Amino acid sequence: MDFLAIEKKWQKRWEDEKLYSFDKSRMDKKYYVLEMFSYPSGAKLHVGHWYNFGPSDSYARFMRMNGYEVFQPMGFDAFGLPAENYAIKTGIHPQDSTLKNIATMEQQLKAMGASFDWDYEIKTCMPDYYKWTQWIFLQFYKKGLAYRKEAPVNWCPNCNTVLANEQVVDGACERCGTTVVRKNLTQWFFKITDYAEELLRDLDKLDWPEKTKLMQKNWIGKSTGGEITFDCENGESFKVFTTRADTIFGVSYVVLAPEHPLVDKLTTPECKAAVEAYKEACAKSSEIERLSTSREKTGAFTGSYCINPANGERVPIWIGDYVLYSYGTGAVMGVAAHDERDYDFAKKYDLLIRRVIRSKDGSDDSLPFCDYGVMVNSGQFDGLTTEEGKTKVVEWLAKTGHGQLKTNYRLRDWLISRQRYWGCPIPIIHCPHCGEVPVPESDLPVKLPYNVDFKPDGKSPLLKCEEYMNTVCPICGRPARRDPDTLDTFVCSSWYFLRYPDAKNDKMAFDPEIINKMLPVDKYIGGAEHACMHLLYARFFTKALRDLGYLKFDEPFTSLVHQGTILGPDGFKMSKSRGNVVSPDDYVSKYGSDAFRLYLMFGFSYVEGGPWNSNGLESIVKFMERVERLVKRSIDLGDKDGAFGEAEKSLNFVRHNTIRRVTDDTKQFSFNTAIARLMEFVNATYKYLDNTKDSNAKFTRDCIEDLVLMMAPFAPHFSEELNEMLGHKGSVFNRSYPTCDQKALVLDEYELAVQVNSRMKAKIVVPVDADENTIKETALANAQVKQAVGNMNVVKVIVIPKRLVNIVVK
RNA sequence: GCCGAAGUGGUGGAACUGGCAGACGCGCCGGACUCAAAAUCCGGUGAUGGCGACAUCGUGCGGGUUCGAUUCCCGCCUUCGGCACCA
């Protein structure tokens, strides 16, 4: 068969017949399959795209053949840093390069033969899409979910520009090598923390990989404890968050984050120089470095003291970079005796170390002692356990206004401002008289201007575009300026799944009537690297839009699957710099897209991925040819009915077992084993035809029909062709998936293993309905078993029906 | 460093909920067909020892629980994903 020719033939026919158009009248049978859309950074599809889209398309086709009205759209996450960097390097405008890349990718995606419905395509960089991204921003703004505050960015003092984390290499600017510092800018945030509790709680409802749910859970990072107020000697006060209020009588010092606003007020003149130097040093280290537990703890004394509200002691106030201003209150109490970090810190700076918790059984007197225990040296609380003490102490402090029980989350509000050009403009106008004014909805979209100088020179590119920046205030009509920043591209990708089913709507972001029927997404497929960010942001958007009244569901993605990563042949991640990038095009043009897809599905565990190896590809082609020969052989045989003897019964067992297994495996995205079962079925059919005189032509034909139907999702063009050879009119994808006949799977007897002292000794055959006693006796009567037992005593016989017998002897 | 995974023959990978480790492929070895080759088909293939029936070992390393561990627990090693401005 000429694989390349038939691919063209069927792709044309699919397109002419609009085979994959979503039929709205069957919405009650909808099944929304969504692959994470791609970022058009390179011009061509790489193996990773194929690995994401090919197998998931097979899954979509499988669901279609099982009677679902499958909705499988495709689009592009088109804004973002790479296009802008490319533009800076080459001078090619991001819009031009992006649209060109998209056009190429569209062609390639079509050539892949996936059943996407292109009528619903989305490109996030087009005004008809980002108009609604802006609209959502405004709804969030109105609801108080979007606000501005100061936050640090990576700043290159030489290029005078903000850098992405990716552009900071070993603390230095990737372009010029200058040491990067942290600098505060006023930026927009989404208040995702308002939803921390619900985002955490609803994880239980989701059919997602457990590891992903666990990662989100840890990312949200709920902890319960107390907020304790320390009064300073100069009249100021600050709060610390602690989960171990029971240790408060052991506080030896407190540490503020270097960025804490009180630091300047608390620093005494004699400590000023040291504190300033320390703060400057901190501006150079990244958060990951600061949080590293293996790094030496450092700090600087402010010269001031505060009062321990529990015992009235004077406590020195330090600053230290292991305290982050963005977590908790930006201040912690140091209890040297009962925390590793605090212990190291106190040792280094020679601070008080006082034990206030002893181990429960009194046996452990080493320090630091970080476990739960019993309070000592703690006044009236002596003798309480940690569990009791941590609430009792806070409740007691609350009486003097110095404590409050508190739940804290590690999750932070989402910083959405970007000082870049290639993104969605923020629909806010800054008026000297009226302040921050949202753009009226009737004025959307705020269009991203084309003629902009996006070279980095210290200012947001849009800031340099006067015709964009200058506008009038919607309230007072006087001259005003637009917000010069753009939105994080994660904002665009946090709602695209809502736009797809109503992608052409120019009156609203989406029609709730449609969306409430089409969503949630039934199966979402994409990389595990999105576990904590995109997948959390999309959940947040869904919940926020629900509370705004636009949706009636709580979660965007009911079921989630992560595909693995295909690595280069050398076992490393594919990258241009390593030179280990495998191009699918060469293989596709040689073997065809079906063979390529089939190989990706058979050669790897979908969830794992692994290093690329082209050896298996030719064997897949051989398998396809083997199937083709089998189909032809059946056609030559005709369809005359014949006897249904043992041979037929046996093949029929394999046939229906294959249907059962392939169905189950495909549902679980276990494509490699599904295809292995198809191979077994093909082998068994060959054996039947080769070894049976007067093989039953009609029965053979039935088997072949099932085979072709089962092959169809995995090798769509190939199976269409075989289906046509078998005399069917119309697409194989309009036929129904075969169903398993349970009667064919009923056997009279089965084989089970017998062990003696857990070592395999024999196999016995027992009737299907044999009880434990019969199985036990059959096993003990077996000659090999008798020999293995010899003259030892049988201590115990473990019988697990359908599995094995284990005879324990002494 | 922190959070989350993965590690199984020469090789890609199987193994349901703790129950016959290595399904299905690739490769390799042997055979059939052929003048020959390719293609195709058949058989074998974890390691070690033994003529053999068999025996012992074997799922990254070291311990443990269990009649029984690739699977559960404890401690390591290596690799990968993420760590909030790559998406």
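Keep in mind it's a predicted model, so treat the numbers as computed, not measured. Just so it is clear, the values below take in all heavy atoms, side chains as well, and ignore hydrogens, waters and symmetry mates. Just so we're on the same page: letters track the sequence lines, and every chain starts at 1.
- Atom NZ of A/Lys687 has 12 or fewer heavy atoms from other residues, nucleotides or ligands within 6.0 Å.
- Under 4.0 angstrom from either OP1 or OP2 of B/A87 there lies at least one side-chain N or O belonging to A/Thr489.
- In B/G9 the O4'-C1'-N dihedral to the base is within 90° of 0, which defines a syn nucleotide.
- Donor-acceptor pairing under 3.5 Å, judged by distance alone, is present between the side chain of A/Arg803 and the base of B/C16.
- The side chain of A/Ile288 sits closest to B/C83 out of B/C85, B/C83, B/G81.
- Judged purely by distance below 3.5 Å, without hydrogens or angles, the side chains of A/His534 and A/Ser494 never pair a donor atom with an acceptor atom.
- Heavy-atom neighbours of A/Lys213 NZ from other residues, nucleotides or ligands within 6.0 Å: above the threshold of 12.
- Taking each heavy atom of A/Tyr591 and A/Ala595 in turn, the nearest pair found is O-CB, 3.6 Å.
- Look at CE on A/Met601: it is 17 Å from C1' on B/A14, rounded to the nearest Å.
- Taking every side-chain heavy atom of A/Trp219 into account, B/C83 is the closest of B/C83, B/G43, B/C20.
- An OP1 or OP2 oxygen of B/A55 is reached within less than 4.0 angstrom by a side-chain nitrogen or oxygen of A/Lys761.
- Residue A/Tyr599 is the one, among A/Tyr599 and A/Asp690, whose nearest nucleotide of RNA chain B lies closer to the 5' end (criterion: closest heavy atom).
- Interatomic distance, A/Lys802 NZ to A/Ile775 CD1, rounded to the nearest 0.5 Å: 8.5 Å.
- Of the candidates B/C83, B/A87, B/C20, the closest approach to any side-chain atom of A/Leu804 belongs to B/C20.
- At a threshold of 4.0 angstrom between heavy atoms, the contacts of A/Gln755 include nucleobase atoms, whether or not backbone atoms are also involved.
- Protein atom CG of A/Leu598 is 15 Å distant from nucleotide atom C1' of B/C26, rounded to whole Å.
- The side chain of A/Lys622 approaches B/U40 more closely than any other nucleotide in the set B/G19, B/C24, B/U40.
- No engagement by A/Ile675 is indicated, since no non-hydrogen atom pair under 4.0 Å with the nucleic acid exists.
- For A/Leu163 and A/Leu214, each mapped to the nucleotide of RNA chain B holding its nearest heavy atom, the one lying further toward the 5' end belongs to A/Leu214.
- For A/Arg410, the listed nucleotide lying nearest its side chain is B/A84; candidates were B/A84, B/C85, B/G82.
- Nucleic acid contact for A/Gly603: sugar-phosphate only, since backbone atoms but no base atoms lie under 4.0 Å from a heavy atom of the residue.
- Phosphate proximity of B/C41 to A/Arg626: present, with a side-chain N or O under 4.0 Å from OP1 or OP2.
- Below 30°, between 30° and 60°, or above 60°: for A/Phe497 and A/Phe557 the angle between ring planes is above 60°, a perpendicular geometry.
- The A/Gln187 side chain lies nearest to B/C85 when the options are B/A84, B/G13, B/C85.
- Regarding A/Met215, its CE atom lies at a distance of 7 Å from the P atom of B/A5, rounded to whole Å.
- OP1 or OP2 of B/C41 has at least one side-chain nitrogen or oxygen of A/Arg629 nearer than 4.0 Å.
- Residue-to-nucleotide contacts include no donor-acceptor pair under 3.5 Å from the side chain of A/Asn218 to the base of B/C3.
- For A/Lys573 against B/C80, no side-chain N or O and base N or O form a donor-acceptor pair under 3.5 Å.
- Closest contact between the side chain of A/Ala753 and the listed nucleotides B/C20, B/A87, B/A84 involves B/C20.
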